[in-house]
Amino acid sequence: MSSPELLYEGKAKKIFRLAGEPDHVLMEFKDSLTAFNALKKGSFDSKGPVNRDIASLIFAFLRGRGVDSHWVRDEGERGMVARRVEIIPLEVVVRNVLAGSTAKKLGLEEGRVLPRPLVEFYFKNDELQDPFVSDDQIEILGIASAADLAELKKQALRVNEGLKDLFHRAGLRLVDFKIEFGRDKAGKILLADEITPDCCRLWDEKTNEKMDKDRFRRDLGQVKESYEQVLQRLRQIGGGK
Ligand code: UDP
């Protein structure tokens with residue numbers, strides 16, 4: 001049997017062509033961990049399987065809440081079969097609480113609760129280090145139309161409502177997160193990529209302990225244990241069903 005054709009390798013995932021399923025791809029979750037545009041690199045052995053499990057549990061939960069995604073099924077311990085989409089080159093960030101570089105940029109303390117969820121767009125481009133882009137810049141540069149942006153915001157806010165609720169039941173506060181969307185063959189916009197502690201900020205509701213990639217970014221230790229703890233808690237609440 002020939003090995004599957006690698007279509008793309010990113011920082012945390014490999015994407016393979018799937019024989020006999022032209023409208024699907026196989027995503028393989030890697031054990032690597034990167035931060036600051038891959039200037040900082042690390043890994044831990046259970047990371048791929050843990051993130052795959054968290055991502056599919058979340059996609060299944062969101063589907064039950066009316067948010068469709070590219071997720072089709074799990075395969076093996078670190079694989080996920082997903083609908084083939086063309087990724088819209090925008091990182092859609094939703095914030096409930098100010099943290100990280102944004103708190104710093106605005107001169108406000110990390111932990112300030114926002115009066116309502118804030119949706120922001122960043123242009124997905126490693127060379128430019130994913131700059132912030134305004135709605136007008138996105139439209140004028142032809143990255144997405146005004147109607148697409150409205151749809152992305154609507155879906156992002158719906159994801160936020162679902163995830164806030166899910167993580168709250170797991171004793172975790174959803175501070176912020178980044179998601180990506182793609183278009184399927186018919187042009188339908190679908191939630192894609194992944195939702196894992198790599199792209200969310202999650203703080204323990206009781207201790208305020210960080211349970212996400214900031215443990216790696218800021219050298220706080222217990223990275224593997226925190227990711228495993230997030231999965232364990234999500235499983236304990238029955239995947240949110
Ligand atoms: N994020 C991400 N990938 C990126 C940038 C941000 O997954 O390339 C996530 C990050 O983990 C956080 C949220 O998006 O949960 C908001 O990140 P922010 O813009 O505050 O960036 P940072 O403070 O890390 O520079």
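Counting convention: from 1, in listed order, for ligands and their atoms alike.
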- request: Identify whether NZ of Lys or CZ of Arg in K105 sits under 6.0 Å from the centre of the six-membered ring of F132 and within 45° of that ring's axis.
  value: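 Satisfied, under 6.0 Å and within 45°.
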task: May I ask you to establish whether K40 and F216 are in a cation-pi arrangement, using a distance under 6.0 Å from NZ or CZ to the six-membered ring centre and at most 45° from the ring axis?
output: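 Yes, a cation-pi geometry holds between K40 and F216.
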Give the atoms of ligand 1, by number and element, whose distance to some non-hydrogen atom of [X] is under 4.0 Å.
| X | value |
| --- | --- |
| D130 | 8 (O) |
| D176 | 12 (C), 13 (C), 15 (O), 16 (C) |
| C200 | 15 (O) |
| G100 | 23 (O) |
| D198 | 7 (O), 11 (O) |
| R95 | 16 (C), 18 (P), 19 (O), 20 (O) |

message: Quiz question: by atom type and distance under 3.5 Å, do the side chains of D212 and Y227 form a donor-acceptor pair?
response: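 Y227 and D212 do not have a side-chain donor-acceptor pair below 3.5 Å.
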field: Salt-bridge criterion met for D130 and K124 (N-O under 4.0 Å)
entry: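 Looking at K124 together with D130, the answer is no, because their closest N to O distance does not fall below 4.0 Å.
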- request: State plainly whether the residues R73 and E21 are in salt-bridge range, i.e. N to O under 4.0 Å.
  value: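 Yes, this pair counts.
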To which protein heavy atom is [atom] closest, and what is the distance rounded to 0.1 Å?
| atom | value |
| --- | --- |
| atom 17 (O) of ligand 1 | R201 NH1, 3.6 Å |
| atom 4 (C) of ligand 1 | E91 OE1, 3.4 Å |
| atom 14 (O) of ligand 1 | K178 CB, 3.3 Å |
| atom 7 (O) of ligand 1 | C199 CB, 3.1 Å |
| atom 25 (O) of ligand 1 | S101 OG, 2.7 Å |

- request: Name the option, out of E120, R217, K124, that contains the heavy atom nearest to atom 10 (C) of ligand 1.
  value: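 Checking each option, the heavy atom nearest atom 10 (C) of ligand 1 is found in R217.
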- request: Please test E228 against Q232 for side chain to side chain donor-acceptor pair (under 3.5 Å), starting from the C-alpha separation and ending with a verdict.
  value: CA-CA 6 Å; E228 287 176 350; Q232 197 187 329; over 6 Å; no
Minimum heavy-atom distance between D31 and S46, given as atom pair plus value: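 Of all heavy-atom pairs spanning D31 and S46, the closest is OD1-C, 4.1 Å.
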message: Looking at every heavy atom in both L26 and E75, which two are closest together, and how far apart are they?
response: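 Result for this residue pair: CD1-CB, 4.1 Å.
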